[in-house]
Protein chains: 2
Amino acid sequence: MTETVDTTGTAGTSTAAPASAAHGTEPSAGTAAAAEPAAPRPGLRERKKRRTRNALLRAALELFVSQGYERTTVDEIAGAVDVSQRTFFRYFAGKEDAALFLQRLTESHFIAAVRERPPHEAPLEALRRAVLESWDTIGEAIEEVVPIELHMRTYRLIESTPALLAVHLRRSEEIEEEIARLIAEREGLDVDTDPRPRIAVAVFGGVMRVTGRLWGAGEDTSVAAIRELTATYLDHVGPALAEKWGTAPR
Amino acid sequence: MTETVDTTGTAGTSTAAPASAAHGTEPSAGTAAAAEPAAPRPGLRERKKRRTRNALLRAALELFVSQGYERTTVDEIAGAVDVSQRTFFRYFAGKEDAALFLQRLTESHFIAAVRERPPHEAPLEALRRAVLESWDTIGEAIEEVVPIELHMRTYRLIESTPALLAVHLRRSEEIEEEIARLIAEREGLDVDTDPRPRIAVAVFGGVMRVTGRLWGAGEDTSVAAIRELTATYLDHVGPALAEKWGTAPR
DNA sequence: GAGGCTAGTGACAGCCGCTGACAATTGACA
DNA sequence: TGTCAATTGTCAGCGGCTGTCACTAGCCTC
């Protein structure tokens, strides 16, 4: 069920095309997975593949960000890296897939962070700490692939491009389902009987989306800004659900 | 800002193509709108247009539902109604637009319902009553266009078709923004200063999405089922946010 | 270190969604 | 009935995406 984005390109003994029909992903340490002997040897072939993929990704993001997503053609991207259009599609399932690649990376980071929260924390607290924590650590992972600055601009692009936003939101929902199961597990509940895990996660996800949107729309694109927005908004969940709102809070 | 789905086809003195580049929508009684003298004369031309649109819509939904969204081509839909492909695109912005047409209809019903809630109700209560109420009244409006049974099946299709679900979720987000503004207005707050309206709506929307998904995945597709699911899940928001979950609730 | 194996790539060909442009038809209205 | 404007069909074409097939280049074995 869990899919972790493969940043290293160490796809082990891959069987089919570059990344078996796009995605550049590999199943890994999820709910259950066979133990893998870490990453022993890169291999020239793999390195080359990885370089091509990163080059494509970077070219794509730069073009998207500079001239807009819709106005960028796959031919352009492929051309910028000097490979055939067909090759692009061997690395990415489509334009969207390339545009959202880094999102997937951050998502898997977040999920991992949730997994590592100590079990005594209340669900919402665990989620809260997990996000705040991942905001701090995700940077490095991204920098391995493309400059973070490019990632920031890509994020804003996604928020403002209907086609991308749509797919991004769908992904979010999938992740919510996954996290709901995680939470249910933590609490020893059956996700199909007890509504609370899914509700808690939906609430949390809703707030995350609002903050993400506001962050993307605002001026300050620093990590500090998103951290603070997140914390503030989470703090307001209680008041927002109160019976009567005084005209007071904030 | 508000767009109401035009079921009647009474587009007044339309200026351009059938529905000016798709959507079949018309601006109407929203935050502010000029008073219109109701709907005086259908006019043969209008009626014909409306018939064509409904025929296309129905053919599209039936094909989608019976053979799948992706496997249905626009040519097929147009062919089923015996019009040119080009004509289809004059009535709908695309395949997606046709598939989600009824969703838009229900959405505008919901928004209208929210507008009509008495101002003394607390935000979440107003939202709750608005949904439950619209579940009861939306049926008729839909039946005017296609059999409700077809709509139900379409709903399930949307939930299970990634491309459609994505767009549906994006729409939902837009609607949340609109409702957040409505709520802020009700409460006399500034939506850009006070986080509560957006948060409350996000929470509400999150729960709605969960219930919608579960409903679509379940067996009982009756209105009664969705009503009950909705009510139950909304009741669980409080408990889900509690610090400690006893293994009790439900 | 030569040869075989196979992953990765390029070059086509082709389907499908969608759009612009223009001509032909048809309802609306004087 | 004739003019005007709204609808529609036809044609041409772009761009995303996929299947196929031959070719090149790492990789592995003997």
Side-chain angles (χ1 to χ4, degrees), chain A residues 9 11-24 40-53 55-56 60 63-64 67-79 81-99 162-164 167, chain B residues 9 11-24 40-53 55-56 60 63-64 67-79 81-99 162-164 167:
Chain A
T13 317
S14 54
T15 339
S20 56
H23 268 209
R41 45 67 204 321
L44 188 143
R45 211 143 160 167
E46 297 298 326
R47 271 178 290 144
K48 212 171 172 182
K49 253 175 28 179
R50 180 156 181 272
R51 238 180 296 136
T52 306
R53 191 205 58 186
L56 277 171
L63 285 168
F64 292 161
Q67 55 184 267
Y69 175 74
E70 321 272 11
R71 277 176 306 251
T72 302
T73 70
V74 174
D75 278 324
E76 256 177 308
I77 301 168
V81 183
D82 209 62
V83 296
S84 73
Q85 189 213 49
R86 197 68 186 80
T87 293
F88 172 89
F89 284 109
R90 287 195 177 102
Y91 281 97
F92 301 98
K95 268 170 75 175
E96 283 174 1
D97 188 53
L164 293 180
V167 177
Chain B
T13 319
S14 54
T15 340
S20 57
H23 269 209
R41 63 342 151 80
L44 188 140
R45 212 159 181 156
E46 297 299 325
R47 271 178 289 143
K48 210 170 171 184
K49 254 175 25 180
R50 182 157 178 271
R51 238 180 297 136
T52 306
R53 192 205 58 185
L56 277 171
L63 285 168
F64 291 161
Q67 55 186 256
Y69 175 75
E70 321 273 12
R71 276 176 306 251
T72 302
T73 70
V74 174
D75 278 322
E76 255 178 309
I77 301 168
V81 183
D82 209 61
V83 296
S84 74
Q85 189 213 50
R86 197 68 185 81
T87 293
F88 172 89
F89 284 109
R90 287 196 176 100
Y91 281 98
F92 301 97
K95 268 171 72 175
E96 283 174 1
D97 189 53
L164 293 179
V167 178

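Here is the naming used below: chain letters follow the sequence lines, and residue numbers restart at 1 for every chain. Atoms considered below: every heavy atom in the structure, side chains included; atoms not considered: hydrogens, waters and symmetry mates.
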Check: What residues form a side chain to side chain donor-acceptor pair (under 3.5 Å) with A:Thr72, not counting sequence neighbours?
Finding: none
Next item on the list: Tell me whether the OP1 or OP2 atom of C:dG8 has a side-chain N or O from A:Lys49 closer than 4.0 Å.
Entry: yes
Note to self: Whether the side chain of A:Tyr69 engages the backbone of A:Glu96 through a donor-acceptor N/O pair (distance < 3.5 Å, no angle test) should be reported.
What the structure shows: yes
Item checked: side chain to side chain contact (heavy atoms under 4.5 Å, CB included) partners of B:Arg45, counting only residues at least two apart -> none
Notebook entry, point to check: Atom CD of A:Gln67 to atom P of D:dG15: distance rounded to whole Å?
Noted result: 12 Å
Next item on the list: Determine, stepwise, if the pair B:Arg50 / B:Glu46 fulfils side-chain contact (heavy atoms from CB on, under 4.5 Å).
Entry: CA-CA 6 Å; B:Arg50 182 157 178 271; B:Glu46 297 299 325; over 6 Å; no
Next item on the list: Spell out yes or no: do the side chain of B:Arg45 and the base of D:dA6 have one donor N/O and one acceptor N/O closer than 3.5 Å?
Entry: yes
Check: Of all residues at least two apart in sequence or in a different chain, which pass the side chain to side chain contact (heavy atoms under 4.5 Å, CB included) check with A:Thr52?
Finding: A:Leu56, A:Val83, A:Tyr91
Check: Tell me: NZ of B:Lys48 to C1' of D:dA6, nearest whole Å?
Finding: 11 Å
Check: Which atom names give the shortest non-hydrogen contact between A:Ala99 and A:Phe64, and what distance separates them?
Finding: CB-CE1, 3.7 Å
Next item on the list: Rounded to the nearest angstrom, tell me the gap between atom CZ in B:Arg53 and atom P in D:dT8.
Entry: 12 Å
Note to self: Please evaluate residues B:Phe88 and B:Val81 with respect to the criterion side-chain contact (heavy atoms from CB on, under 4.5 Å), reporting the C-alpha separation (whole Å), side-chain torsions for both, the decisive distance (0.1 Å), and the verdict.
What the structure shows: CA-CA 10 Å; B:Phe88 172 89; B:Val81 183; over 6 Å; no
Checklist line | Residues in side chain to side chain donor-acceptor pair (under 3.5 Å) contact with A:Thr73, at least two apart in sequence or another chain | finding: none
Note to self: Could you tell me how far apart B:Arg51 (CZ) and D:dT8 (P) are, to the nearest whole angstrom?
What the structure shows: 11 Å
Checklist line | Main-chain N/O of B:Gln67 paired to B:Arg71 side chain as donor or acceptor, under 3.5 Å | finding: yes
Next item on the list: Would you mind building the protein contact string for nucleotides 16-24 of chain D? One character per nucleotide, 5' to 3', B for base within reach (heavy atoms under 4.0 Å), S for sugar-phosphate only, - for untouched.
Entry: SBBBB----
Item checked: B:Tyr91 side-chain N/O to D:dT7 phosphate OP1/OP2 under 4.0 Å -> no
Notebook entry, point to check: In whole angstrom, what separates B:Ile77's CD1 from C:dG17's P?
Noted result: 8 Å
Note to self: Just to be sure I understand: a Watson-Crick pair is purine N1 to pyrimidine N3 plus N6-O4 or O6-N4, both under 3.5 Å. Using that and G-U wobbles, which stems of three or more pairs involve DNA chain D?
What the structure shows: C:1-30 with D:1-30
Next item on the list: Rounded off to whole Å, could you give me the CD-to-P distance for the B:Glu46 and D:dA5 pair?
Entry: 17 Å
Check: In whole Å, what is the span from the CZ atom of A:Phe64 to the P atom of D:dG15?
Finding: 14 Å
